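Proteins come first, then strands; the chains are lettered A, B, ... in the order of their sequence lines, and each starts at number 1. Keep in mind that what you see is a predicted model, and the values were worked out from it rather than measured.
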Amino acid sequence: MASEDEINLLVIVVDVNPIWWGQQAQREPEFTLSKCLDAVMVMGNAHMAMTRTNKLAVIASHCQDSHFLYPSKSWRGGDSGAEDASSSGDGKYELLSIANNLIAEEIRNVMSKTEVRGNSTDTLLAGSLAKALCCILSIKTVYSFQHLRHVIKAAEDCALQYMNFMNVIFAAQKQNILIDACVLDSDSGLLQQACDITGGLYLKIPQKLALAQYLLWVFLPDSEQRSQLVLPPPAHVDYRAACFCHRNLIEVGYVCSVCLSIFCNFSPICTTCETAFKIQLPQMVKPKKKKLKQST
Amino acid sequence: MASLSEEVLLVVKKVRQRKQDGTLYLMAERIAWGPEGKDRFTVSHLYADIRCQKISPDGKAKIQLQLVLHTGESTTFHFSNESSALKDRDAAKELLQQLLPKFKKKANKELEEKNRMLQEDPVLFQLYKDLVVSQVISADEFWANRLGDINNTDPAPYNNKQEVGISGAFLADIRPQTDGCNGLRYNLTADIIESIFRTYPAVKQKYSENVPHNLTEKEFWTRFFQSHYFHRDRINTGTQDIFSECAKQDEKGLKSMVVQGVKNPLVDLLSLEDKTLDEGYGVSSGPPSTSNLNRSVKESSNAAIIKRFNHHSAMVLAAGSRKGLSHLSSVAIEYEDLQRKNRPKTVALNLKKSDRYAHGPVPLLSQHYTTSQDIINSVNHIRHEMVNYKPNLTQVLSSTAATSAIAALSPGGVLMVAGAQQAINQMVPTEVQGELKHLYAAAGELLRHFWSCFPVNTPFLEEKVMKMKSNLERFQMTKLSPFQEKIQRQYLSTNLTGHLEEMLQTAYSKFHIWQTRRMMRKT
């Protein structure tokens with residue numbers, strides 16, 4: 001029995017990259033951003049309906065910024081929002097209808113403010129994760145005991161946010177926050193690593209139309225309940241490092257002993273720190289090999 | 001007869017053994033006795049075999065020396081020289097006293113060492129049971145690599161146990177009990193005796209001098225407790241007391257300790273001095289006047305007690321630290337981190353392209369190219385779509401989509417394939433796992449002996465390698481095959497012993513190759 005102080009906070013980060021979703025709408029008109037958001041709402045409602053102490057937050061991750069869809073600042077007004085909600089008329093739990101309406105309103109705002117900028121087409125996922133993390137931690141200090149979770153839904157990957165992303169992942173790991181990932185389009189190595197490190201679940205969905213089903217089946221139970229369920233086994237994570245020269249993933253490479261940069265080919269001078277390495281006799285060249293084992 | 005190389009340390013004539021006259025010889029490594037007139041020794045014991053020696057008490061007519069062996073046997077020598085029997089026996093006893101301890105340790109040491117190793121390491125014990133007890137390899141081979149060179153190594157590192165300290169109250173704990181008729185009973189245990197010896201080495205010396213020939217233990221301790229040395233007053237009256245010397249030694253020791261002072265930089269003894277607040281508050285009024293007789297007597301007896309207390313405490317502490325266990329070094333009062341150290345000169349790291357580290361493991365060339373027209377189109381489309389977004393939660397999922405998703409998520413479905421392979425350690429019970437581990441340990445040991453024989457250079461190695469091969473075969477027959485049959489009968493057809501068999505097969509083939517080469521060389 002969950003005590004009064006136990007908060008189970010579910011933060012859903014939805015990738016609303018307009019370019020990807022726009023293209024997706026043209027590719028597959030049955031499954032568009034609207035449908036996706038509906039599925040997310042279903043999951044959010046289910047989560048809040050399970051226990052009174054369950055809380056929800058939804059963040060939209062855009063290529064310009066990240067935006068809290070719920071809870072939103074405009075809701076702090078309280079009563080004015082409640083009146084609109086109670087007029088939904090179908091006897092729904094008020095909290096759920098308020099939440100749904102707010103989310104819908106916010107996403108409409110966000111998308112209407114979308115501007116086209118050619119250079120930034122990537123989703124600011126790291127930023128959204130960081131915001132989510134802050135949201136979780138801000139609540140963590142107030143309440144005594146809680147389980148926290150974090151669900152992401154993403155479309156595609158970006159390389160430039162690597163450092164920030166890894167920092168967020170490690171911070172989450174230290175705070176015992178699970179990161180789950182539900183991927184629609186292409187596999188994301190970063191998210192796989194995130195899920196592996198924090199102990200969450202990574203799933204690439206074969207059918208986008210059944211998104212709601214996957215969300216409810218796989219991601220709704222919290223970590224304690226998951227141990228009792230038969231869920232998709234963890235995927236094999238590719239932890240190989242990438243060489244600094246071509247960004248290829250390599251298993252065996254050369255590492256500079258001064259700056260620890262990784263190369264796939266031997267070169268007498270490290271291009272990062274400009275250290276010269278003495279070459280001995282050609283037959284006896286002993287490069288510093290670093291064997292990278294794949295985790296099984 | 002004794003070999004000429006043996007050094008004879010002592011010869012005692014007129015020693016009877018079993019009612020026969022003869023001569024006793026003490027050599028470098030053994031003690032021997034031969035009857036009168038004969039050339040050979042009838043009795044000969046190595047010092048290593050002798051557990052202890054006993055002498056007859058002083059009052060007895062017969063002056064005897066008895067040797068008790070480890071096996072329990074005992075041999076008695078009767079010194080029958082009219083004039084010098086006692087002297088002879090004492091001489092023999094003294095020599096034995098010096099020699100026996102040297103040899104005693106060597107003999108038992110190895111056995112003790114082996115026992116200790118077996119007790120401390122359960123894996124080793126199991127290995128021993130598997131291999132030696134079931135006679136797969138001999139005990140000698142088993143211990144060949146393990147014991148190392150016992151005679152030369154310092155036994156100190158093996159004593160991982162901590163030394164037990166001495167209780168400061170050990171003397172006070174010997175509470176005398178009244179005997180009922182004006183006497184006192186003191187109960188002495190071995191621990192107390194040991195504490196006394198460790199604290200007061202002078203007493204230990206007296207003990208070793210006087211016991212067992214002058215006094216029995218009981219007498220010694222009785223004297224000890226009776227002596228003023230033990231009692232509070234400690235005023236050195238007569239010098240008949242064997243312990244008066246001890247008292248004098250203690251005085252000397254105390255004086256030297258005071259001179260040494262306390263070397264501990266963390267302890268400031270001077271701050272413990274009496275500090276005067278004001279007149280009348282714990283003030284020592286003037287220098288102690290020694291003219292007042294009464295006072296001086298009382299003072300001297302108080303001083304005597306206090307001196308004894310101090311000495312006792314100092315000795316207890318000294319006994320604890322005599323083994324060199326702890327000594328405060330300068331480390332305790334210095335913080336290394338805060339000191340300026342002369343660090344070796346380092347070169348600063350000079351990175352030209354540090355942004356490389358920030359880039360993730362994704363190829364620099366992105367895979368999707370989107371034209372700007374595409375971007376504009378997409379954005380417009382989505383904006384148009386979301387302008388009128390209203391959640392339609394009743395139409396989120398169709399039943400066909402849901403069922404196909406459930407099918408994919410059920411065991412055997414598309415997403416669940418990898419989970420079908422259960423970990424092997426969940427399918428095999430723990431006893432079987434344990435047995436397998438023992439088999440691996442035993443096989444590993446045998447294989448290690450086998451492979452260490454190569455390259456076969458000496459005839460000893462040749463013999464050994466052949467013996468090891470037969471050991472391996474025996475192991476396979478007696479241990480491995482029954483295990484295999486057992487698991488086949490009871491459990492799944494998982495191949496648990498495949499790797500073991502592979503290792504054994506490699507060893508056999510290597511042996512076979514070596515053997516054929518040997519044959520070819522011979523012919």
Side-chain angles (χ1 to χ4, degrees), chain A residues 18-23 25-26 32-35 37-39 41-42 45 100 103-104 107-108 111-112 114 116 118 121 156-163 165 189-190 203 206-207 209-210 212-214 217-218 230-233 235 240-242 244 246-249 258-259 261 271-274, chain B residues 347 349-368 370-372 374-406 408-411 413-421:
Chain A
I19 298 154
W20 190 85
W21 280 106
Q23 289 173 338
Q26 289 161 359
T32 62
L33 184 55
S34 326
K35 281 256 173 225
L37 284 170
D38 286 349
M41 261 192 240
V42 165
N45 289 350
N100 292 348
I103 293 175
I107 192 68
R108 283 196 294 265
M111 295 315 275
S112 61
T114 307
V116 179
T121 58
E156 47 183 27
D157 221 5
C158 167
L160 294 173
Q161 301 172 29
Y162 174 66
M163 207 60 135
F165 202 88
L190 292 178
L203 192 63
Q207 273 176 290
L209 283 174
Q213 183 61 51
Y214 286 108
W217 183 284
V218 178
V230 178
L231 292 172
R240 288 180 294 172
F244 278 37
H246 312 109
R247 292 281 141 201
N248 295 330
L249 294 173
V258 174
C259 62
S261 42
T271 43
T272 318
C273 62
E274 299 190 348
Chain B
V347 182
L349 189 60
N350 177 17
L351 294 177
K352 293 281 183 254
K353 298 182 191 168
S354 55
D355 56 330
R356 279 177 169 184
Y357 295 95
H359 201 280
V362 176
L364 282 166
L365 308 171
S366 66
Q367 281 146 352
H368 310 285
T370 38
T371 65
S372 45
D374 277 341
I375 295 175
I376 298 173
N377 283 349
S378 312
V379 171
N380 285 337
H381 192 106
I382 198 77
R383 236 193 291 183
H384 181 76
E385 180 198 328
M386 296 305 285
V387 157
N388 301 315
Y389 169 61
K390 248 193 151 31
N392 186 358
L393 296 185
T394 53
Q395 304 288 330
V396 171
L397 197 57
S398 73
S399 52
T400 44
T403 43
S404 62
I406 294 177
L409 286 170
S410 308
V414 170
L415 296 169
M416 306 289 282
V417 176
Q421 296 164 346

Discussion item. Would you compute the distance between atom CD1 of B:I406 and atom OH of A:Y214 and round it to the nearest 0.5 angstrom?
Written reply: 9.5 Å

Worksheet item: Is there side-chain contact between B:Y389 and A:D38, with at least one heavy-atom pair below 4.5 Å?
Response: yes

Fill in: Closest approach of A:Q207 to B:A401 (non-hydrogen atoms, all atoms of both residues)
OE1-O, 4.2 Å

Worksheet item: Are any of the side-chain heavy atoms of A:P18 and B:R383 separated by less than 4.5 Å?
Response: no

Discussion item. Is B:S404 in contact with chain A via its backbone, its side chain, both, or neither, using a 4.5 Å heavy-atom distance?
Written reply: both

Fill in: Side chain / backbone / both / neither for A:L203 at chain B, heavy atoms under 4.5 Å
side chain

Fill in: Contact origin within B:A402 toward chain A - heavy atom pairs under 4.5 Å
both

Worksheet item: Looking only at atom types and distance, does a side-chain atom of B:K390 sit under 3.5 Å from a main-chain N or O of A:A104, one as donor and one as acceptor?
Response: no

Worksheet entry | Pick from A:N45, A:T271, A:V258 with the largest number of heavy-atom pairs that fall under 4.5 Å of chain B | A:T271

Worksheet item: Do the side chains of B:L397 and A:V42 get nearer than 4.5 Å, heavy atoms only?
Response: no

Discussion item. For the CD1 atom of B:I376 and the CD1 atom of A:I19, what is their distance to the nearest 0.5 Å?
Written reply: 10.5 Å

Discussion item. If you define the side chain from C-beta out and look only at heavy atoms, does anything of A:Q213 sit under 4.5 Å from B:L409?
Written reply: no

Worksheet item: In Å, rounded to the nearest 0.5 Å, how long is the span from CG of A:L33 to CD1 of B:I382?
Response: 4.5 Å

Discussion item. With rounding to the nearest 0.5 angstrom, report the CG to CG distance, B:L393 to A:L37.
Written reply: 10.5 Å

Item to complete: Locate the shortest heavy-atom distance separating B:S378 from A:Q23; write the atom from each residue and the value.
Response: OG-CG, 3.4 Å

Worksheet, complete the sentence: The interface call for A:S112 against chain B, heavy-atom contacts under 4.5 Å, is backbone

Worksheet item: Distance from A:K35 atom NZ to B:Q395 atom CD, nearest 0.5 Å?
Response: 7.0 Å

